Amino acid sequence: MLARFFSLITFCLFVQIVNAQVSIIPEPVSIVTPAGKFNAGKQITIAAPADANPVAAQLKERLSNSGISCTVVPDNSKASISFIINKVANTSIGKEGYQLTVGEGGVTVTANTNAGLFYGIQTLLQLFPADVEKENGLNNTEISLPYAEITDYPRFGWRGLMFDVSRHFFTKKEVKDFIDQMVKYKYNILHWHLTDDEGWRVEINSLPKLTSVGAWNVKKEGYFGTFTPPTPDEPRNYGGFYTQEDIKEVVAYAKERFVDILPEVDVPGHSLAAITAYPELSCSNGKDNHGVCSGESIKDWNTHTALVDDNLCPANENVYVFLDKVFTEIAQLFPFEYIHTGGDETFKTYWERSDAVKALMKKEGLKNMEEVQSYFSKRVEKIVESKGKKFMGWDEILEGGLAPNAVVMSWRGMKGGIEAAKQNHEVVMSPTDFAYLDYVQGNKIMEPRVYASLRLKKAYQFEPVPDGVDPKFIKGGQGNIWTEQMYNTRHLQYMVWPRAFAVAEAVWSPKAKRDWKTFIPRVEEHFKRFDAAQIKYAPAIYEPDVTVSKNANGETVVTLIPEIDGLSIHYSFDNTFPDNFYPVYSAPVTAPKDAVMMRIVSYKEGKQVGRMITMPMDELKKMVKK
Ligand code: ACM
């Protein structure tokens, strides 16, 4: 009896160990992990039909990078990994789905298309040890893979990340690296925000000043948005742009990885780079001669007033000629069927002052500035459609009346998306509340300052289909990465991960399979993969949020709010560095009267997991809720 009991315990432990090795993000539709492992040995052969060779080559490259000796052979050969393309489509898994089996006989990935095989590979790689992500990490290693039976397909066809390369320029190589990272989590749309007040990043042959002038500003560091205005003698040599050859190369690179690129040219607002290049495009003819923004204040965000004219002039026919030229070349460069034309945050200050706009309103019977913007959007829609593309914009394009076929990207919450879907328009959801990956994700006192905050836990609650909306209008969702405060690619990675895991799961996994409790252990397993790949991520889940109050005696009381279970948080008020021998936080603590700082640090299972956070008492006292 006792022996039976122990064998049961051993069996349970074994199953647990096996399951611990299977941490897939995004969570598949269905996954069974029988006990057992397939030993692939030190060399891997991939059998693939000729059509699937490009995908097999990508798996080979990934495995070879990790030091595994790997060959691709024809599909009738004996192999450790076999790719099968269904002769008769399996409609239950669709265009992008796959079935993956790891069993005694090896690995089989079956799909209707190469895209499906590609996503099967991403899952398969997550069954490999974390060192598959490390250069030469599995060199001379016996590979064993846990048995698994997986059926998987995406919930949405639009699984995007928006990457702003205007506020800070990121090189072609950095964009390709970004694509490599996103496809591991089955994203399939790169929304490329190519133009803004701080830089125009795409070469337009017929308008060369857009990049010779518009791509360059003055390098500044500190808090973007508050920089000192550049002086005339400061060199405008910071920034850059992509040549048309660069763009074609990135588009092809993305396509090989089943990613479509949605180009965004943000008009009529956010256009200071274009206006600096061609001042006659603004209603004020660029009279303030401001120059491409370098991160100095050009807008009053409280009153929505423009301090500098950064809008194209809707009453100037030459603006539409300009846009026709731009979208002609954009349409040729980007094969994706949609073009995003921005439309957000168009502060109307200079339009209101413009006689030309007043005359346009009279002529067209436009009652207010929203209708002026709507007039502009409808004209831009016609231009975009004349290039054979679909017109898309941020949810401000709803104001004053939506253009007839517009696709709406909802960012100011979900309400714009709901309204557009109710008007039978296609919608992509990317609400600030859940999907803004530029927001602060951890302890506000320590993190680089951004005006709002979004914890991983909140991002994980992203649900793209609101109640009462016909799901057929919701194409999917995306996370947005605005780079005002992201000066380099390491910090970009830090801001994107792990929150992009949460968004990936919102747009790929079935709603019913999403579970915060099982998500976190998977996230932690993927941290190991990121460590192996040397890709940065934020450890913010280990670092509690803080609230501060005053008790009846006027003393300051600090409450720590951990984001995940299982942490032991230690603290000090004596300016020294707490470790796991220091007092453990278990309930709100009253700060000693003379304390000047509180320091906290988190441990999990005896190991330090969070960073040491120093919180000056002055800062904490400012946080007291009134
Ligand atoms: C936006 O965040 N301004 C679309």
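Just so it is clear, the structure is predicted and the values come from calculations on it, not from any experiment. When a ligand or atom number is given, it counts from 1 through the structure's own listing order.
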- Query: Hey, is Glu563 close enough to Lys457 for a salt bridge, meaning N to O under 4.0 Å?
  - Reply: no
Anything under 3.5 Å between a donor and an acceptor, one on a side chain of residues 160-169, the other on a protein residue two or more places apart or in another chain? List them.
| from | atom 1 | to | atom 2 | distance (Å) |
| --- | --- | --- | --- | --- |
| Asp164 | OD1 | Ser166 | N | 2.8 |
| Asp164 | OD1 | Arg167 | N | 3.1 |
| Asp164 | OD2 | Arg167 | NH1 | 3.1 |
| Asp164 | OD2 | Thr483 | N | 3.0 |
| Asp164 | OD2 | Thr483 | OG1 | 3.4 |
| Ser166 | OG | Asp196 | N | 3.2 |
| Ser166 | OG | Gly199 | N | 3.2 |
| Ser166 | OG | Gly199 | O | 2.8 |
| Arg167 | NE | Glu198 | OE1 | 2.9 |
| Arg167 | NH1 | Glu484 | OE2 | 3.3 |
| Arg167 | NH2 | Asp196 | OD2 | 3.4 |
| His168 | ND1 | Thr483 | O | 2.7 |
| His168 | ND1 | Glu484 | O | 3.4 |
| His168 | ND1 | Met486 | O | 3.1 |

- Tyr436 neighbourhood, listing ligand 1 atoms whose heavy-atom distance to it stays under 4.0 Å: 1 (C), 2 (O), 4 (C)
- Using the ring pair (Phe, Tyr, Trp, His ring centres under 6.0 Å) rule, collect all pairs that involve residues 364-391, keeping only residues at least two apart or in two chains. Tyr320-Phe376
- Query: Polar-atom distance check: Asp344 versus ligand 1, any N or O pair below 3.5 Å?
  - Reply: yes
- Note on the structure: In ligand 1, the atoms that come under 4.0 Å of a heavy atom of Glu345 are 3 (N)
- With Arg155, which of Glu96, Glu463, Glu505 fulfils salt bridge (Lys or Arg N to Asp or Glu O under 4.0 Å)? Glu463
